[in-house]
Amino acid sequence: MSMKSWKNLASAAAVALTASFGAAQAAEPIKIGAFLSATGPASFLGDPEKKVLEKYVAEYNKAGGIMGRKIDLILYDDAGAADKASSFVKRLIENDKVDVIVGGSTTGTTMAAVPLVEAAGMPFISLAGAVVIIEPVKKWVFKTPHTDRMAAEKIFSDMKKKGITKYAMISENAGFGKSGHDETLKVQGNYGMTLVADETYAPKDPDVTAQLTKIKNTPGVQAVINWGFGQSPAVVTKNYKQLGISAPLYQSHGVASKDYIKLAGDAAEGVRLPAAGLVVASQLPDSDMQKAVVVKFQKEYQADFKAEASTFAGHAFDGLQMALAAMQRAGGTDKAKVRDEIEKTSGYIGTGGTVHMSATDHMGLNLSAFHMVEIKKGDFALSN
């Protein structure tokens, strides 16, 4: 064989090897990282989130993945502990080398992750509620749920319609509860509201009768707002009923799950709260663009898990969909490009509402995404 032939063969082999290497790279799986509170006191948040991520990743893979690549879901259970969340996020970034993180069931676990993802340049979509997650704007951090500030504004709008101007507040003294409390105080003046009693409790307190008794004995209380999640709002609701407090009780979107109604029992009757359309999917008017999305998601969730989907399940669905859509628009998993495309998300109709993100808004929802609901006969009912 001539030297020229050898050179041609070597050149052809190099081209083939390069093409093969490129194909192998293209076939590498997309790595979605997640840390969720699937067990522990916040499991009513994390368990449905875990189920949703696993379900839809499996469905994508069954259909061939996206961009010709399968999806690997690497998921850790932080049990609601911020220190565990921090450890798992480090592992996702440094060891697992994920392409994006969708997770953080609670404000506490999310905020433990924020400095890590910011330092690493890791796109992160949180599933937690507090406004501090996205305000001030953090380059790599986004979120799917409505904020506690929005919930306070929706509640005050409802109170105003009912002629209520004086209210009391009882809140968890940490995390989501404290943030909700503080955000409520920031916006009360915009609605002409006055706080006349202010009580707190620890998330694991088994009884808040003492605090509620103080509220009951405070003159002028026309309504009460509770800020908390997990079992504590059910404790508040039961004690509220036991004390025979007649003023209406408002909860936050942190209880938008049938688990809360089951825990609170008959005491939950009449409780009002702001929530995403998902919990009242079939009750939405046909003219609502979101209805088809939430009805479909609710049916799929019920078919697989024999239970109604909570708004928390929806937060995970929206986070996954927006992350994968951003990757498709970016044409791959380059983190900076994916981050940019998440920020450009606009017109996405999800379970939480229609999302319009921007460089100054890393959530992209407004008050129209919230519905005021009331608990009637053990279920959520759309309220005027």
Side-chain angles (χ1 to χ4, degrees), residues 15-36 38 46-77 91-93 95-104 122-127 142 144 278 289-290 292-307 309 312-352 354-355 357:
V15 170
L17 183 62
T18 301
S20 175
F21 180 70
Q25 276 195 316
E28 287 180 359
I30 291 168
K31 293 184 177 181
I32 305 289
F35 64 104
L36 301 170
D47 178 62
E49 292 165 351
K50 176 177 182 288
K51 288 173 178 172
V52 163
L53 291 182
E54 291 174 339
K55 167 184 167 61
Y56 287 96
V57 164
E59 289 187 5
Y60 272 109
N61 284 336
K62 188 176 180 180
I66 65 166
M67 299 182 292
R69 298 167 64 178
K70 291 294 182 75
I71 304 169
D72 276 354
L73 176 63
I74 303 166
L75 190 153
Y76 298 110
D77 175 15
R91 189 185 301 180
L92 288 169
I93 294 170
N95 294 18
D96 301 317
K97 301 189 183 303
V98 298
D99 299 306
V100 66
I101 295 177
V102 177
M122 173 66 65
F124 171 40
I125 302 178
S126 170
L127 310 180
F142 305 83
T144 57
L278 179 59
M289 292 188 299
Q290 194 189 11
V293 174
V294 290
V295 167
K296 181 176 183 290
F297 178 74
Q298 190 67 261
K299 286 181 179 178
E300 291 175 350
Y301 190 93
Q302 285 180 313
D304 276 21
F305 305 115
K306 314 306 177 190
F312 315 114
H315 299 333
F317 177 81
D318 290 342
L320 178 64
Q321 300 305 316
M322 286 191 282
L324 295 178
M327 288 180 181
Q328 289 177 304
R329 293 195 301 272
T333 53
D334 179 277
K335 292 180 177 60
K337 291 179 180 178
V338 171
R339 188 222 75 90
D340 290 348
E341 290 301 329
I342 294 173
E343 190 176 81
K344 292 175 186 175
T345 300
S346 185
Y348 167 74
I349 302 174
T351 69
T354 301
V355 178
M357 289 194 189

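A distance-only check finds a donor-acceptor pair linking the side chain of Asn61 to the backbone of Ile71 [under 3.5 Å]. Judged by distance alone, with hydrogens and angles left aside, the side-chain atoms of Glu49 form no donor-acceptor pair with the main-chain N or O of Gly103 at under 3.5 Å. Under a 3.5 Å cut-off, the side chain of Lys31 and the backbone N or O of Asp96 do form a donor-acceptor pair. Although no hydrogens or angles enter the test, the distance criterion places a donor-acceptor pair under 3.5 Å between the side chain of Asp318 and the main chain of Gly352. Not a single donor-acceptor pair under 3.5 Å links the side chain of Gln328 to the backbone N or O of Met67. Checking side-chain atoms of Asp99 against main-chain N and O of Ile30 turns up no donor-acceptor pair under 3.5 Å.
Heavy-atom minimum distance, Pro48 versus Ala313: CB-CB, 3.9 Å. For the residue pair Ala323 and Val102, the shortest heavy atom distance occurs at CB-CG2, 4.1 Å. Nearest heavy atom pair, residue Arg339 against residue Pro123, reads N-CG, 4.3 Å. Across every non-hydrogen atom of Ala307 and Tyr301, the tightest pair is O-CD2, 3.2 Å. Of all heavy-atom pairs between Phe297 and Ala309, the closest is CE2-CB, 3.7 Å. Of all heavy-atom pairs between Ala34 and Leu73, the closest is CB-CD1, 4.3 Å.
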Test side-chain contact (heavy atoms from CB on, under 4.5 Å) applied to Gln321 and Thr351, step by step | CA-CA 11 Å; Gln321 300 305 316; Thr351 69; over 6 Å; no
Please report the C-alpha distance between Tyr56 and Glu300 in whole Å, then the side-chain angles of each, then the deciding distance to 0.1 Å, and finally whether the side-chain contact (heavy atoms from CB on, under 4.5 Å) criterion is met.
-> CA-CA 10 Å; Tyr56 287 96; Glu300 291 175 350; 2.6 Å; yes
May I have the step-by-step check of side-chain contact (heavy atoms from CB on, under 4.5 Å) for Lys50 and Asp77, ending in yes or no?
-> CA-CA 9 Å; Lys50 176 177 182 288; Asp77 175 15; over 6 Å; no
Going through the distances and angles, do Thr333 and Glu28 end up as a side-chain contact (heavy atoms from CB on, under 4.5 Å)?
-> CA-CA 11 Å; Thr333 53; Glu28 287 180 359; over 6 Å; no
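The CD atom of Glu54 sits 12.5 Å away from the CD atom of Glu59 when rounded to the nearest 0.5 Å. Between Tyr76 atom OH and Arg91 atom CZ the span is 4.5 Å, to the nearest 0.5 Å. Residue Asp304 holds its CG atom at 14.5 Å from NZ of Lys299, rounded to the nearest 0.5 Å. The CG atom of Leu278 sits 10.5 Å away from atom CZ of Phe312, with the distance rounded to the nearest 0.5 Å.
The neighbour count for Lys55 NZ, taken as heavy atoms of other residues, nucleotides or ligands under 6.0 Å away, is above 12.
The shortest side-chain heavy-atom distance between Met122 and Leu92 does not fall under the 4.5 Å cut-off. Using a 4.5 Å heavy-atom cutoff, the side chains of Tyr60 and Ile32 are not in contact. Leu36 is listed as a side-chain neighbour of Leu127, based on a closest heavy-atom distance under 4.5 Å. Put simply, the side chain of Met322 does not reach to within 4.5 Å of the side chain of Val100, judged on heavy atoms.
Salt bridge annotation for Glu341-Lys344: present, with a cationic side-chain nitrogen under 4.0 angstrom from a carboxylate oxygen.
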